[in-house]
Amino acid sequence: MELLILIVVIAVVVLATMGFVVGSAVRRRPRRAVGRGSRSDTDLSPGVGDDAEVPRDSATRTIDDVGLPAAPEVASPRVAATGAPTTGDAAPADTNLAPALAPQQRPPAETPAPAAGRLVRLRLRLARSQNALGRGLLTLLSGDNLDEETWEDVEATLLVADVGVAATSELVAALRERTKVLGASTPAQARVMLRDELLAQVGTATDRSLRTSVPDRPAVVLVVGVNGTGKTTTCGKVARLLVAEGRTVVLGAADTFRAAAADQLQTWGERVGAVTVRGAEGGDPASVAFDAVKRGIDSGADTVLIDTAGRLHTKTGLMDELVKIKRVVGKHGPVDEVLLVLDATTGQNALVQARVFTEAVELSGVVLTKLDGTAKGGIVIAVQRELGVPVKLIGLGEGPDDLAPFEPEAFVDALLGEPV
């Protein structure tokens, strides 16, 4: 019995050993290749994504064996980081990396036209756009019969020209009196009479000089107004006026709410060599104005021009902010000029705006822009009479030097045209 058991155990061991040897031999036997591009169910060779135990035995080609065509030479030179052009180097493969460019040089500062006589030079342009007032009145006053209907037409012409009700009544009364005493039988006589009365209304003895130069410190000019009147452009043009007179100017970009307002002001400054002080977009305007005046003091500038944000005259909060700007700037010294920029084409609505600004900040002068378009020349009389503030500058075009000091005689002569 024990012998039988021993025989069975030996047989099992022998069978197991033979099975192991046969299995090993099968695994070592070469496998038959299958069709290219396909794998049979029994093919256990490594495929894509499998880990091959045996490296591939096929030779690997190098870049020299591929035979790629030679890279063409680059015709245009590449700009080095130093800004000098270099040749012979291939352009970098990464197209997202732009080549380093030489820094842009600022264009030389322009020489603005002199301030003296600008209005005279622009008289023809002003005369073409204001015929409704001057020429219309001359036609009426030089008629053979100045009856009541004619005087009503004179009054209507003045009202349409935005002269204002009170000024119109005074002007018509003065014209009536003069025609009774002296008469106006010819256009030349009518022109002399009308010129004298218009000059009386505009005012020839008013001080219209800009306080842009004071001893021992920079003069500070604050420019205010509603949206769209052209404050930033006016600041740039005033800077040109001052540079033409030999002044040094610092511009303060205190309009931190309008997109690109600071960029626009800086462009104006760079064209004439003026420094622009600006702050972060949406920052505190009073802080920018304070820094601009400090920069003017430190640099010994003659004038600091501060451009403020446009504000609706009906918004109390915005007007309070304007008061804050003036108060903060006043810590360096008094504000010498507060110029209100008015759009002359808005007519009597400009007077409503002006009244509110007068209550917020004490105005020292008015800048009338866009007098070259559909504006009525009578707004000059109405603004001065209503506010008691002189018109100091008028804008007669879009050109950089189309801002002129207001000269009453030249202005009235432009309204009336050349004498016959």
Side-chain angles (χ1 to χ4, degrees), residues 164 202-203 205-227 229-232 234-235 238-239 241-242 249-252 254-255 284-290 292-294 296-297 302-344 346 348-369 379-395 403 405-406:
V202 172
T206 306
D207 181 14
R208 302 180 190 275
S209 60
L210 290 174
R211 294 192 292 272
T212 55
S213 180
V214 295
D216 302 328
R217 64 174 178 85
V220 179
V221 179
L222 194 63
V223 180
V224 302
V226 301
N227 300 296
T229 55
K231 293 181 304 303
T232 302
T234 298
C235 279
V238 172
L241 273 173
L242 298 177
V249 179
V250 172
L251 297 173
D255 184 355
D284 183 14
S287 175
V288 177
F290 182 88
V293 178
K294 185 176 185 302
I297 295 173
D302 295 316
T303 310
V304 178
L305 286 171
I306 301 175
D307 177 32
T308 62
R311 56 202 71 242
L312 296 174
H313 57 285
T314 55
K315 298 296 183 181
T316 305
L318 293 175
M319 300 305 293
D320 291 342
E321 185 178 89
L322 186 60
V323 176
K324 175 187 174 183
I325 293 174
K326 185 179 179 182
R327 183 179 67 251
V328 170
V329 169
K331 294 180 180 180
H332 289 299
V335 176
D336 301 284
E337 286 276 0
V338 180
L339 297 178
L340 174 64
V341 181
L342 294 177
D343 184 345
T346 60
Q348 294 296 311
N349 186 47
L351 298 180
V352 179
Q353 303 168 9
R355 292 191 198 101
V356 179
F357 278 93
T358 304
E359 295 170 0
V361 289
E362 185 179 355
L363 301 177
S364 61
V366 173
V367 182
L368 279 176
T369 63
I379 191 65
V380 173
I381 298 173
V383 165
Q384 293 185 147
R385 185 182 183 89
E386 188 72 23
L387 304 179
V389 178
V391 173
K392 294 190 174 183
L393 297 167
I394 58 173
L403 184 72
F406 183 74

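All heavy atoms count here, side chains included; hydrogens, waters and symmetry mates do not. Quick note: residue numbers are just sequence positions, from 1.
Side chains of Asp255 and Thr308 form no contact here, defined as non-hydrogen atoms less than 4.5 Å apart. With a 4.5 Å cut-off on side-chain heavy atoms, Val224 and Leu339 do not count as touching. The closest side-chain heavy-atom distance from Thr358 to Leu340 is not below 4.5 Å. Using a 4.5 Å heavy-atom threshold, the side chains of Arg385 and Val383 count as separate. Side-chain atoms of Thr303 and Pro218, non-hydrogen and from C-beta on, never get closer than 4.5 Å to each other. Using a 4.5 Å heavy-atom cutoff, the side chains of Val238 and Leu305 are in contact. A 4.5 Å side-chain heavy-atom check between Leu368 and Phe406 finds every atom pair outside the cut-off. With a 4.5 Å cut-off on side-chain heavy atoms, Leu242 and Asp302 do not count as touching.
When every heavy atom of Pro285 is checked against every heavy atom of Glu321, the shortest pair comes out as CG-OE1, 3.8 Å. Of all heavy-atom pairs spanning Phe357 and Val226, the tightest one is CE1-CG1, 3.6 Å. Of all heavy-atom pairs between Val389 and Ser364, the closest is CG1-C, 3.6 Å. Across all non-hydrogen atoms, the minimal contact from Leu241 to Pro405 is CD2-CD, 4.4 Å. Taking every heavy atom of both residues into account, Ala344 and Ile379 meet most closely at CB-CG2, 4.2 Å. The two residues Ala219 and Thr212 have their closest heavy-atom pair at CB-C, 3.3 Å.
Going from atom CD1 of Ile325 over to atom CG of Asp320 covers 11.5 Å, rounded to the nearest 0.5 Å. One finds the CZ atom of Arg211 at 4.5 Å from the CD atom of Glu337 (value rounded to the nearest 0.5 Å).
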Chi angles and distances behind the side-chain contact (heavy atoms from CB on, under 4.5 Å) call for Val366, Leu387: CA-CA 10 Å; Val366 173; Leu387 304 179; 4.2 Å; yes

Worked verdict on Glu362 versus Val338 for side-chain contact (heavy atoms from CB on, under 4.5 Å): CA-CA 7 Å; Glu362 185 179 355; Val338 180; over 6 Å; no

Test side-chain contact (heavy atoms from CB on, under 4.5 Å) applied to His332 and Ile297, step by step: CA-CA 9 Å; His332 289 299; Ile297 295 173; 3.9 Å; yes

Determine, stepwise, if the pair Leu403 / Val367 fulfils side-chain contact (heavy atoms from CB on, under 4.5 Å). CA-CA 9 Å; Leu403 184 72; Val367 182; 4.0 Å; yes

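Of the candidates Leu251, Val250, Val293, Val293 is the only one forming a side-chain contact (heavy atoms from CB on, under 4.5 Å) with Ile306.
A donor-acceptor contact closer than 3.5 angstrom is absent between the side chains of Thr369 and Asp343.
Applying the side chain to side chain contact (heavy atoms under 4.5 Å, CB included) criterion to Glu386, with sequence neighbours excluded, gives Leu351, Arg355. Looking at residues two or more places apart in sequence or on another chain, you find a salt bridge (charged side-chain N to carboxylate O under 4.0 Å, His left out) between Asp336 and Arg217.
A donor-acceptor distance shorter than 3.5 angstrom exists from the side chain of Thr234 to the backbone of Gly230, with no hydrogens or angles considered. Under the 3.5 Å distance criterion, the side-chain polar atoms of Gln384 are left unmatched by any main-chain donor or acceptor of Pro390.
Contacts classified as salt bridge (Lys or Arg N to Asp or Glu O under 4.0 Å) and involving residues 324-333 (residues at least two apart or in different chains) are given here: Asp284-Lys324.
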